[in-house]
Amino acid sequence: MPTLDIDRLDKSYGEVRALRGMTFSVAGGEIFGFVGSNGAGKSTTMRIALGVLAADAGVVRWDGRELDHAMRRRIGYMPEERGLYPRMTVADQLVYLARLHGLTPAAARRSMERWTEVLGIAPRRDDEVLKLSLGNQQRAQLAAALVHEPEILVLDEPFSGLDPVAVDVMSGVLSEQAAAGVPVLFSSHQLELVERLCDRVGIVQAGTMVAVGSIEELRTTDERRWLVDGPAGASWAAAVPDVRVVSAQGTRTVVEAAGPGPDDVDQRVLAAALAAGPVREFTRQQPTLVELYRDVVAAPVPQEVSA
Amino acid sequence: MTTTPPGSSVTAVAPGADVGTLGSGAAIRLVAGRELSTRLRSKAFVWTTVALVAGVVLGGLAIHFFGGNRAAPASQVAIVSSAGDVADPLVATGKAVGVTIEPRTVADRAAGEALLRSDAVDAVIVSTSPDLEVVVKQSLDDHGQAVLGALAQQLALRSAITDLGGDPAAVAAQVSSAAPVATALEPAKKQDAGQIVAGYITGILLFLTLMTAGQLVAQGVVEEKSSRVVELLLATVRPWQLMAGKVAGIGLVGLIQMVCVVGAGVVMSLSLGLLDGSALDVGATAVWALVWFVVGFTMFALVIAGLSALVSRQEDVGSVIAPIMGLLVIPYIVGISIAPWDPTNPLVVWLSFVPFCSALVMPMRIALGSAETWEALVALAISVALIPALVWLAGRVYSGAVLHQGGRLPLREALRPHRTD
């Protein structure tokens with residue numbers, strides 16, 4: 001599978017350093033979620049990949065070759081700032097965009113019909129974009145990114161402003177595209193969605209990738225936690241070696257095994273709890289993406305003296 | 001610059017047969033095609049064109065029915081039958097002064113005065129001897145004074161000749177054939193009415209269409225910026241291709257409008273015979289007007305496209321393109337207010353060679369018949385020679401500014417080196 005490589009991108013806007021050695025890669029068939037606070041450099045990275053913005057340093061490669069104008073035509077792009085011609089009909093607009101990407105008139109029309117159908121805006125084909133609801137404009141925008149049958153998808157916040165049904169449609173489309181071998185790079189602030197949809201996630205802060213990997217990889221931390229719904233009070237846990245109590249509320253106790261403790265530490269926790277009373281729930285607690293994100297973002301940013 | 005090494009496009013392009021690489025020509029044609037189809041279907045374009053064509057047609061009809069080169073209506077003069085022999089000399093004298101006179105005979109003075117009161121005649125000649133006696137309703141106009149004054153002198157002369165025993169008819173024949181032989185040292189090329197009207201129409205029409213098309217370019221550039229669609233477009237076409245396509249598309253729209261209006265004018269003037277007796281070369285004037293529209297539009301549109309890219313909102317367009325619009329207004333005012341009356345005025349002649357101004361002033365001079373062909377060609381060559389420089393400059397400003405959002409970008413910033421990809 002070819003890979004989209006983002007390799008050590010640097011970009012400054014005047015005094016502000018937007019990107020500092022931004023590096024990651026997205027393999028074909030993979031959905032990559034790009035998360036980070038506003039101004040962290042997600043949109044800048046995507047715009048550089050599209051050639052809309054020039055990087056100060058670094059390269060973007062596809063299948064080992066630096067992206068050139070012809071290859072960029074094969075990217076499906078949804079810019080952060082949505083935009084279509086307000087006074088053009090959905091159909092005309094999509095056909096026009098498809099043709100600008102090199103499709104023949106007939107293929108452009110077929111593709112327009114297919115994507116408006118898939119995205120549920122077929123009845124609005126002959127309406128001016130201006131007259132569509134916000135949600136339908138968003139669907140039209142996604143259709144504009146897909147209408148030239150791209151080999152790579154780069155979507156800047158494709159889920160913002162969508163209703164739950166549209167989110168499902170959009171998720172379905174992204175999964176299908178990935179299944180067809182397309183690398184899908186998208187940014188989002190909806191972390192639960194990213195967690196559910198993405199094969200890999202990159203957390204970006206201050207222009208640098210601070211954590212990247214599959215959700216499982218990111219979750220794998222040295223501390224393992226369990227939630228025990230059993231004996232009231234946390235005194236039963238004090239006897240278990242290598243384990244400390246994180247929180248205790250009524251019958252619900254969260255314990256944590258620090259460091260690479262013995263593998264059977266969970267069994268010993270359970271045994272100690274059962275010895276103290278009946279246990280109704282015993283679950284391994286894994287940090288959610290939200291928690292991971294908070295941990296990462298809360299960490300101090302490496303400050304550099306600007307050159 | 002735009003060619004891709006054959007090796008790289010092989011993997012870049014999907015195996016699907018429907019996808020091909022898009023050359024610069026094809027990209028520009030697509031962009032221009034969008035402009036063309038959107039604008040031609042817009043109500044604003046249709047109605048402006050209809051209004052302009054209607055204006056030309058109605059103007060032509062107005063000239064045809066109410067004036068222009070048609071002779072002034074004949075003056076009706078009643079002659080009391082006793083003075084009937086004055087009819088021929090009256091008509092002849094009128095002709096010499098340039099007034100057509102239709103004499104009619106009435107029985108007596110009372111009948112003549114009745115006609116006068118009902119405005120059926122302009123004057124009544126009641127007797128010729130001893131003096132020429134004329135009755136009018138209120139007063140004699142200048143032409144009447146001239147004709148009747150000359151007629152009175154002629155009648156006096158005639159009776160004197162008769163008294164001296166001569167033949168008044170023979171003398172009259174000799175007098176009427178006498179004319180001075182005048183040699184002009186610097187014959188002035190006098191503009192006739194047809195040429196003056198054509199000069200005006202050429203100036204007004206070029207001004208209107210250049211102004212409208214220029215505004216369309218400005219609005220089109222800013223529309224793409226303000227709707228943010230430009231980012232989507234620039235992910236697949238290069239900035240200069242987008243600009244070139246836009247200018248070409250809107251230029252074609254303007255040209256179509258010009259052809260409609262100029263064509264209507266030519267058809268009207270030829271079919272109604274409006275130009276009979278005029279020195280106006282309607283074919284050359286029309287062709288030159290179209291040529292100058294194309295050249296003028298290209299120059300103005302390039303500058304306007306570059307400048308409009310500096311701003312992001314329609315409200316800011318006016319201020320940013322004001323200087324270039326001034327370059328359109330000044331030659332128009334000079335041309336329209338001086339050229340028809342004084343086509344050899346140095347300011348007019350000078351402006352007809354200055355690029356941008358020449359697009360308006362030179363075609364007016366051509367319509368007025370005051371420009372030599374070599375002058376027209378030199379002015380055209382100067383303007384055309386400037387176009388490549390404008391393409392470069394406008395392309396650079398446009399590329400540097402078109403993705404900038406927010407307030408007005410200083411020209412200096414836009415001209416700074418930017419991505420050449």
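Convention: sequence-line order gives letters A, B, ...; per-chain numbering from 1.
A:L100 and B:A27 make their closest contact through CD2-O, 4.4 Å (heavy atoms, listed as atom of the first residue, atom of the second, distance). Across A:L50 and B:A235, no two heavy atoms sit closer than the pair CD1-CB, 3.6 Å. Closest heavy-atom contact between A:H69 and B:T236: CE1-O, 3.1 Å. Nearest approach of A:G83 to B:V229, heavy atoms of both residues: O-CG2, 3.6 Å. Closest heavy-atom contact between B:L30 and A:R99: CD1-O, 3.3 Å.
With a threshold of 4.5 angstrom between heavy atoms, A:L97 approaches chain B through side-chain atoms but not through N, CA, C or O. In this structure, the portions of B:E231 lying under 4.5 Å from any heavy atom of chain A include both its backbone and its side chain. Looking at B:S227, both its backbone and its side chain come within 4.5 Å of chain A, counting heavy atoms on both sides. For A:Y77, the parts lying near chain B are the backbone and the side chain together; criterion is any non-hydrogen pair under 4.5 Å. Proximity to chain B (any heavy atom under 4.5 Å) is restricted, for A:A144, to the side chain, taken from C-beta onward. The part of B:R41 that comes within reach of chain A is its side chain, from C-beta onward, which places non-hydrogen atoms under 4.5 angstrom from that chain. No part of B:V230 comes within reach of chain A, as not one of its non-hydrogen atoms sits under 4.5 angstrom from that chain.
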side-chain contact (heavy atoms from CB on, under 4.5 Å) assessment of A:H101 paired with B:V237: CA-CA 8 Å; A:H101 282 88; B:V237 295; over 6 Å; no
Test log, rule side-chain contact (heavy atoms from CB on, under 4.5 Å), inputs A:Y96 and B:T38: CA-CA 12 Å; A:Y96 174 62; B:T38 327; over 6 Å; no
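Note: A:R47 leads A:R47, A:R82, A:M88 in heavy-atom pairs under 4.5 Å with chain B.
The shortest distance between side-chain heavy atoms of A:Q141 and B:L232 falls below 4.5 Å.
Residues in residues 318-329 of chain B take part in no salt bridge (charged side-chain N to carboxylate O under 4.0 Å, His left out) pair, two or more places apart or across chains.
At most 12 heavy atoms of other shown residues, nucleotides or ligands fall within 6.0 angstrom of atom CZ in B:R29.
Taken from CG in B:L234 to CZ in A:R72, the straight-line distance is 12.0 Å, to the nearest 0.5 Å.
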